[in-house]
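Because the structure is a prediction, the values reported are computed rather than measured. Note that ligands are numbered from 1 as they come in the structure, with each ligand's atoms numbered from 1 the same way. By convention here, the first residue in the shown sequence is residue 1.
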Amino acid sequence: MAHATAVDYEPVIGLEVHVQLKTASKMFCGCRVQFGAPANSLTCPVCLGLPGALPMANRQAVEFGIRVGLALNCQIAHRVKFDRKNYFYPDLPKGYQISQHDEPLCFDGELQLPIPDATGAPKVCRITRAHMEEDAGKSIHMDASTLVDLNRAGTPLIEVVGGPDLRSPEEAYVYLTTLKRNLSYLGVSDLSMEKGSLRCDANISVRPRGRQQFGVRSEIKNLNSFRAVKAALEYEIKRHIRVLEAGGTLHQETRLWDEEKLETRSLRSKESATDYRFFPEPDLNLFDVPRAWVDGVRAALPEMPEKRLLRFLHDYKLARADAEYLVGDRAIADFYEAAVALLDNPRKVAAWVVVELARELNERNCDLADLKLTPATLVELIGLQDAGRLNNITAKEVFRAMVESGEGAEACARRLNKLIERDDSAVQAAIAEVLGEFKDGAVADLRAGKQAAMGFLVGQCMRKLRGKANPKDLPALIEDAIRRE
Ligand code: ADP
Ligand code: MG
Ligand code: ZN
């Protein structure tokens, strides 16, 4: 492989992820938090930024923030301090955002990634800080004008700032999926990039490999999917190297990813903290975070995926890839364990979830909650298959129907006319017909000792029965029938 450049450049990447917290009400007022309500219907003087309106902090939002911090192995501040971050934006009616500047709620954490570092141990990305803030509203651009919807204004956010520890777009992708996976265990957010409840800005610079000092970075915004993050980083790495190789200089700037053109373009030179004129928010009191509160939140944390993975490997003797898939989403891991509690065959249940269920989720691009399958109906289906009442093919057909209908396995199999009846006269009739049809062909071959003919006859019977038989049972039945002739 020819190298285009004389210098070997190493990318340095750090991600900032905004997570919308799904509290009942907003961060500093009582307005409901809800996606998709009529524009500006969820607003009040506080989140509209009317003069004289006073904010009050939402305790539940702070508790969700503590939960996020603990799940990312962070220290938790002893008090909550809010600051004003001043900037003008049409969908920011106050002209400032209430955020946290010098005292983030959570700091000094880390996220363990399921990829090896240079020593072979799991790679760790530092979590520099995670702070609370409020979301802005939304601008809706029309042909000749721009409308503003302030329903989102004041929605609680936690911004998770990752250390500059990632070294490739692939690692950035793994960081995001792992972060999302871990947050999915906490029940604090929808984590939907589509709905904007999970948003990511990517910081990227390059440096000659071996050099300690970081290069000049750009921050990429407008990233609408994890795939976009990866593509934008790949683009931006090439651009940085191109500029440096041509003897140019990079400027710290904010760039926008253009999903259509697959390129980044400069939005503005990056503001520094002084541009924001941060100062302590005078309308909110400091409030304490007693250790008893933190301990209580910690005690209520669910088993996190890193630990659950080890337990799945140990208790259920699963292949690592299967266990990783299962713990990758808390809902799926819970579903799996509920099914295993009903049927003590962890590997068989895993095979159904990891192959068939995963395929449905993937093809429909939906979540487990959108499917009507339950652990009990899946276990019932496996039971029918084990009892020989569905074969491997019809079991999968019934599965696909159950996922949509929510029926029990037997009811669904019966409705679809797939259930193999014990002592089935239809099977006997089909065998008799096939033996008659191929008397001089395959049947004669079989009699002459050509075992390959059996496969053909089984196939013909299955076709006549439209799958309603167990192909495993057929050779014996066919031999019986030939012997009787
Ligand atoms: P700011 O407050 O200006 O956004 P931070 O120091 O908080 O700057 O960093 C923001 C993000 O940028 C973090 O995720 C961090 O890891 C990342 N980052 C900082 N410096 C660099 C760099 N030189 N190259 C790549 N990423 C960087
Ligand atoms: Mg930042
Ligand atoms: Zn409000």
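Using a cut-off of 4.0 Å between Lys/Arg side-chain N and Asp/Glu carboxylate O, Lys81 and Asp102 are scored as salt-bridged. The pair Arg242-Glu245 does not count as a salt bridge, with every side-chain nitrogen at least 4.0 angstrom from each carboxylate oxygen. A salt bridge links Arg255 with Glu253: at least one charged nitrogen is closer than 4.0 Å to a carboxylate oxygen.
The backbone N or O of Val12 lies less than 3.5 Å from no partner atom in the side chain of Arg207, so there is not a single donor-acceptor pair. At distances below 3.5 Å, at least one donor-acceptor pair connects side-chain atoms of Asn222 with backbone N or O atoms of Trp257.
For ligand 1 and Phe214, the ligand atoms under 4.0 Å from any heavy atom of the residue are 23 (N). For ligand 1, the atoms lying closer than 4.0 Å to a non-hydrogen atom of Val161 are 13 (C), 14 (O). Contact atoms of ligand 1 toward Ser205: 22 (C), 23 (N), 24 (N), 25 (C) (distance under 4.0 Å to a heavy atom of the residue). Below 4.0 Å from some heavy atom of Val12 lie the following atoms of ligand 1, by number and element: 24 (N), 25 (C). Within ligand 1, the atoms closer than 4.0 Å to a non-hydrogen atom of Gly163 are 16 (O), numbered from 1 in the order shown. The atoms of ligand 1 that sit less than 4.0 Å from any heavy atom of Leu15 are 14 (O).
Summarising the contacts of atom 13 (C) of ligand 1 with Gly162, Ser218, Gly215, the nearest heavy atom is found in Gly162. Considering only non-hydrogen atoms, atom 5 (P) of ligand 1 lies nearest to Arg217 out of Glu16, Arg217, Arg129. Among Ile13, Asn203, Val216, Val206, the residue whose heavy atom sits closest to atom 11 (C) of ligand 1 is Asn203.
Side-chain atoms of Ser218 and Glu236 include a donor-acceptor pair closer than 3.5 Å. Side-chain contact check for His18 and Glu133: at least one donor-acceptor pair (N or O, by modelled atom type) lies under 3.5 Å.
Aromatic ring orientation, Phe82 versus Phe28: perpendicular (interplanar angle above 60°, classes split at 30° and 60°).
With the Zn ion (ligand 3) as vertex, Cys44 SG and Cys31 SG subtend 100°, rounded to 10°. Seen from the Zn ion (ligand 3), atom SG of Cys47 and atom SG of Cys29 lie 110° apart in angle, a value rounded to 10°.
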